[in-house]
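The block underneath contains the structure these notes are about, expressed in structure tokens.
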Amino acid sequence: MKKDLLSINDLSKNDVEKIFEMTDKLRNKHTSHLKGKNIALIFQKPSTRTKISFEVAINQLGGNAISLNWNELQLGRGETVEDTARVLERYVDSIVARVFSHDDLVKMAKISKVPVINALSDLEHPCQALADLYTIKQKKRKLTGSKIVFLGDGANNTFHSLILACEKFDMDIVVSCPKNYKPEIRANYKIIENPEEAVKSADILYTDTWVSMGQESEKENRIRDLQNYQLNSKLVKSAKKDVIVMHPLPAHRNSEITSDVMDGKHSVVLDQAENRLHTEKAILCLLIK
Ligand code: CP
């Protein structure tokens, strides 16, 4: 495995399989893999799942998590990410960071001798994608050949990572979005603008917020542009009978997903959230030597 996990493209298919094997081994276990290790968790944006699942994962592995908001650190007063990384590597065994600019993670990883883990950037959310792919494998028992359909904002950081992860397993990837909301990554996916057409024979339907953190000023336009891509019961009925519905959360109920679908029998959103914890334990064990 590479030193850092900034993008799903930092992992080979074999690395992903290793993470899933380790996830199965560590599920619901408390171990001492990280005994004596300290991990800094830095958040430039709010978080519920990522912050808490990483803290619990580190705790269950016998390590010590130090969680800090960007503005509690001198980063908030202009200390550079490079200088911060130079100092942190003298104290901690890994840095997990949620940032606005992906470039800040790249700068940290370049400077730091300890692993840097992307806890979400404007470009990618690899830890979410690994939990999502693990959830698909858990529910569907196979990845290769399964059809996943993303609805909404195709340029979303979570979609980017999940598209790259699904591509490694030769899944059939369809993105249903308006013309100016296409993914901003190179990968092997199809665009089908019409959502009713896109969801036909889907095994997995996936959506995420239409207004990501930092896009609040564009809220009205984005909601107007994306309203026809809402994941609702009509679309679920057009997919396969045993389709699973996924959302990384937090959800805006009755905006990108209707409440009945989010709470309905096809939804696996809470298993997805739980799997953040299990997969992050494996990521930490494999990256921190
Ligand atoms: N899905 C996800 O990353 O959730 P949080 O923003 O709550 O961490």
Polar contact flag, side-chain donor to acceptor under 3.5 angstrom, [X]-[Y]:
X	Y	result
Gln128	Thr158	no
Asp93	Asn38	no
Gln272	Asp132	yes
Ser12	Asn14	no

Quick one: does [X]'s side chain have a donor or acceptor within less than 3.5 Å of a partner on [Y]'s backbone?
X	Y	answer
Asn254	Ser259	yes
Asn232	Leu235	yes
Lys168	Leu11	yes
Lys281	Lys29	yes
Asn157	Leu123	no
Ser267	Gly264	no
His33	Gly62	no
Thr279	Leu130	no
Asn118	Leu5	no
Thr144	Phe169	yes

(message) According to salt bridge (charged side-chain N to carboxylate O under 4.0 Å, His left out), does anything in residues 41-69 pair up with another residue at least two apart or in another chain? List the pairs.
(response)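 Checked against salt bridge (charged side-chain N to carboxylate O under 4.0 Å, His left out) - neighbours excluded - the pairs reaching residues 41-69 are Lys51-Glu55.
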
(request) Kindly state each residue pair satisfying salt bridge (charged side-chain N to carboxylate O under 4.0 Å, His left out) with at least one member in residues 186-196, sequence neighbours excluded. (result)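 Pairs touching residues 186-196 that pass the test: Asp172-Lys190, Lys179-Glu193, Glu196-Lys234.
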
Ion pair check, [X] and [Y], cut-off under 4.0 Å:
X	Y	value
Glu89	Arg86	no
Asp10	Lys2	yes
Lys13	Asp170	no

Distance-minimising heavy-atom pair for [X] and [Y]:
X	Y	result
Ser176	Pro195	OG-CA, 3.3 Å
Ile223	Val211	CG1-CG2, 4.4 Å
Leu151	Leu231	CD1-CD1, 3.9 Å
Ala109	Val116	CA-CG2, 3.7 Å
Arg98	Phe43	CB-CD2, 3.6 Å
Cys177	Gly154	CB-N, 4.0 Å

Hydrophobic clusters here meaning ILVMFWY residues chained together by side-chain heavy-atom distances under 4.5 Å, can you tell me if [X] and [Y] are in one?
X	Y	result
Val269	Leu133	no
Leu162	Ile192	no
Val16	Leu143	yes
Tyr134	Met1	yes
Ile117	Leu286	yes

Drop me the distance from [X]'s [atom1] to [Y]'s [atom2], to the nearest 0.5 angstrom.
X	Y	atom1	atom2	result
Leu120	Ser212	CG	OG	8.0 Å
Asp242	Lys265	CG	NZ	10.5 Å
His252	Met262	NE2	CE	10.5 Å
Ile39	Leu88	CD1	CG	12.5 Å
Arg27	Thr23	CZ	OG1	8.5 Å
Glu274	Arg276	CD	CZ	13.0 Å

(request) Test Leu164 against Glu124 for side chain to side chain contact (heavy atoms under 4.5 Å, CB included), laying out the working first. (result) CA-CA 10 Å; Leu164 294 171; Glu124 278 207 49; 3.5 Å; yes

Could you tell me if the side chain of [Y] sits less than 4.5 Å from the side chain of [X], heavy atoms only?
X	Y	value
Val175	Pro183	yes
Ile257	Val245	yes
Ile95	Met108	yes
Leu226	Pro178	yes
Ser67	Phe54	no
Ile148	Ile136	yes
Leu75	Val81	yes

(request) With Glu256 as reference, evaluate Gln227, Gln230, His247 under the side-chain hydrogen bond (donor to acceptor under 3.5 Å, both in side chains) test and give the passing residue. (result) His247

(request) Check the pair His125, Thr50 against side chain to side chain contact (heavy atoms under 4.5 Å, CB included), reporting the backbone distance first and the verdict last. (result) CA-CA 10 Å; His125 196 358; Thr50 308; 4.0 Å; yes

(request) Test Thr258 against Asp260 for side chain to side chain donor-acceptor pair (under 3.5 Å), laying out the working first. (result) CA-CA 6 Å; Thr258 55; Asp260 62 330; 2.6 Å; yes

(request) Under the side chain to side chain donor-acceptor pair (under 3.5 Å) rule, what do Asn275 and Gln138 come out as? Steps first, then yes or no, please. (result) CA-CA 10 Å; Asn275 283 332; Gln138 195 180 38; 3.0 Å; yes

Looking at [X], I want to see if its [atom1] is surrounded by more than 12 non-hydrogen atoms of other residues, nucleotides or ligands under 6.0 Å.
X	atom1	value
Glu216	CD	yes
Lys140	NZ	yes
Lys289	NZ	yes
Phe100	CZ	yes

(request) Apply side chain to side chain contact (heavy atoms under 4.5 Å, CB included) to the pair Tyr181 and Asn156, showing each step before the final yes or no. (result) CA-CA 9 Å; Tyr181 287 82; Asn156 168 291; over 6 Å; no

(request) Quick one: do Asp153 and Tyr229 satisfy side chain to side chain contact (heavy atoms under 4.5 Å, CB included)? Show the steps, please. (result) CA-CA 9 Å; Asp153 174 15; Tyr229 296 84; over 6 Å; no

(request) Name the orientation class of the two ring planes belonging to Tyr206 and Phe159 (parallel below 30°, tilted from 30 to 60°, perpendicular beyond 60°). (result)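 Because their plane-to-plane angle is over 60°, the rings of Tyr206 and Phe159 count as perpendicular.
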
